[in-house]
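The next block holds one structure in the form of structure tokens; read it before the comments.
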Number of protein chains: 2
Amino acid sequence: MNEKEQLEAARDRVIENIAKNMHLYGISDSIGRMYGMLYFKNQPMTLDEMKEELGMSKTSMSTSVRTLMDLKMVEKVWRKGERKDLYKAEEDWHQTFVDQFTIRWRPSISMNKAAMEKSKKELQNMIINENTPEEIKKQALDDIQKLTNALDYYDWLNRLVTFFETGEIFEYIKKENQTKE
Amino acid sequence: MNEKEQLEAARDRVIENIAKNMHLYGISDSIGRMYGMLYFKNQPMTLDEMKEELGMSKTSMSTSVRTLMDLKMVEKVWRKGERKDLYKAEEDWHQTFVDQFTIRWRPSISMNKAAMEKSKKELQNMIINENTPEEIKKQALDDIQKLTNALDYYDWLNRLVTFFETGEIFEYIKKENQTKE
DNA sequence: CTGTTTATACAGTTTTTTCTGTACAAAGTT
DNA sequence: AACTTTGTACAGAAAAAACTGTATAAACAG
């Protein structure tokens, strides 16, 4: 194995690991591999270059890169005199982590909250309504308690996401590990 | 629609929403639906009862419940004189959130770290080696810088997971929202 | 011990997701 | 204008994941 191969082997090991663990970010191995490759390139890449390097179709490159852009893991780059679109990886993984949270969790939180608030209101009306049988009321009360707990959690989760989003988290968990020195 | 149906509709709306958003925890709709159902039941359930309620095979119930147990979202419950296994949902979602992090992220972090450290070491050896061509050395140095940044991130991430795991997070993001009162 | 009940391993089927090739629209070039 | 290049929509193929039924092992009852 010559030096160039050694270099590539070291790189590929890391890329493969990134790819395998990307499911935590809710993306497939292939897309993770694309990200890993871009991370190690010093130059932004075109779809055709990626197609070449990953041995996949251009269509796949197009959809994969879009997914990564939606997650703010990749950005489009402009270069004078270049007709093709160029893409580069976001390098700051702390930022990527925080963005993930904001992009993926916020919408889910508000969806769930809305559904729970609606159901909670309906159940409260059933409690008020005198025609509701006693047995049903008991169950409704029970469900209301569960929904109240769940809503408290979503409230907490929202505050947590804000804690990340604003970067406040970095005041408590420092980017540079002080304890090392 | 009578009262019982109203109650069920309110419940099902929430369960369906939980199911749809469970992909954030890396689990499928069906498994999410099982969790949602268990969350609203006051009694622990057997596999056969779940099979009945969800209209799925017992095999599915068995594997789904195991997935939820691995994630500490469901626990096995013992009841005197009951031959069948009983399962109940973990009710504290704050705890569930924290567990997710520990269970899913920790192993990935250490896998990635290991791969990166190995590659970093190999690249450093190439730098030292006088036979390595200058051009390769330049690239290796560049990769080492990227790996160093990535390892710093994983170090941060590890400290973050600990911050959750120990419950320290709750000192900063309180479970009860003070600003409400 | 034999017979019964419960949970799960495993193979095969169904469903979903991922990937590709073709077709076409948008933008650039001559 | 006509011709070329680039990115993506869309339909179908390939691969992966989810689900089921049967078979079997483990636990229990008599």
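Just so it is clear: chains get the letters A, B, ... in the order the sequence lines come, proteins before strands, and each one is counted from 1. Worth saying up front: this structure is predicted, and the values here are computed from it rather than measured.
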Study note, to complete from the structure: Considering only heavy side-chain atoms of B:Ser28, the closest of C:dC19, D:dG7, D:dA18 is D:dA18
Exercise for review: Specify the separation, in whole Å, of atom CD1 of B:Ile27 and atom C1' of D:dA17.
Suggested key: 15 Å
Exercise for review: For A:Met56, answer base if it contacts any base atom (sugar-phosphate contacts may also be present), sugar-phosphate if it contacts only those atoms, and nothing otherwise; contact means non-hydrogen atoms under 4.0 Å.
Suggested key: sugar-phosphate
Check your understanding: A:Lys58 has an atom NZ; how far is it from atom P of D:dT5, in whole Å?
Key -> 11 Å
Review point. Hey, does the side chain of B:Ser60 come within less than 4.0 Å of D:dC19's phosphate (OP1/OP2), counting only N and O?
Key: no
Exercise for review: Determine the contact category for A:Thr63: base if any of its heavy atoms lies under 4.0 Å from a base atom, sugar-phosphate if only primed atoms, P, OP1 or OP2 are that close, otherwise nothing.
Suggested key: nothing
Exercise for review: May I have the distance from B:Glu49 (atom CD) to C:dA7 (atom C1'), rounded to whole angstrom?
Suggested key: 15 Å
Review point. For A:Thr46, which contact category applies under a 4.0 Å heavy-atom criterion: base, sugar-phosphate, or nothing?
Key: nothing
Revision key, fill the gap. To the nearest angstrom, the CG-C1' distance between B:Asp85 and C:dT5 comes to 12 Å
Check your understanding: Below 4.5 Å, heavy atoms only, C-beta onward: do B:Arg106 and B:Glu165 meet side chain to side chain?
Key -> yes
Exercise for review: Check whether the ring centres of B:Tyr172 and A:Phe163 lie less than 6.0 Å apart, and answer yes or no.
Suggested key: no
Point to revise | Interface residues of residues 74-83 of chain B with DNA chain D (non-hydrogen, below 4.0 angstrom) | key: B:Arg83
Review point. Which whole-number value in Å describes the distance from A:His23 NE2 to D:dA17 C1'?
Key: 15 Å
Study note, to complete from the structure: Here the distance between atom C1' of C:dT5 and atom CG of B:Leu47, to the nearest Å, is 13 Å
Check your understanding: Nearest-Å distance, CD1 (A:Ile31) to C1' (D:dA16)?
Key -> 15 Å
Exercise for review: May I ask you to check whether B:Trp105 and B:Tyr25 place their ring centres under 6.0 Å from each other?
Suggested key: no
Practice item. Would you mind telling me which of A:Ile27, A:Thr96, A:Ile31 makes a side chain to side chain contact (heavy atoms under 4.5 Å, CB included) with A:Leu71? Key: A:Ile27
Point to revise | Test: A:Lys146 and A:Asp142 ion pair at under 4.0 Å | key: yes
Review point. What's the closest nucleotide to the B:Arg66 side chain, out of C:dA9, D:dG7, C:dA7?
Key: C:dA9
Review point. Hey, are B:Arg159 and B:Asp155 close enough for a salt bridge, meaning a charged N less than 4.0 Å from a carboxylate O?
Key: yes
Check your understanding: Parallel, tilted or perpendicular: which describes the rings of A:Trp93 and B:Tyr153, with under 30° parallel and over 60° perpendicular?
Key -> perpendicular
Review point. Picking from D:dG21, C:dT6, D:dC19, which would you name as closest to the side chain of B:Thr59?
Key: D:dG21
Practice item. Kindly point out which of C:dT6, C:dT8, D:dT6 is positioned nearest to the side chain of B:Lys84? Key: C:dT6
Practice item. In whole angstrom, give the distance that lies between atom CD of A:Glu52 and atom P of D:dT6. Key: 14 Å
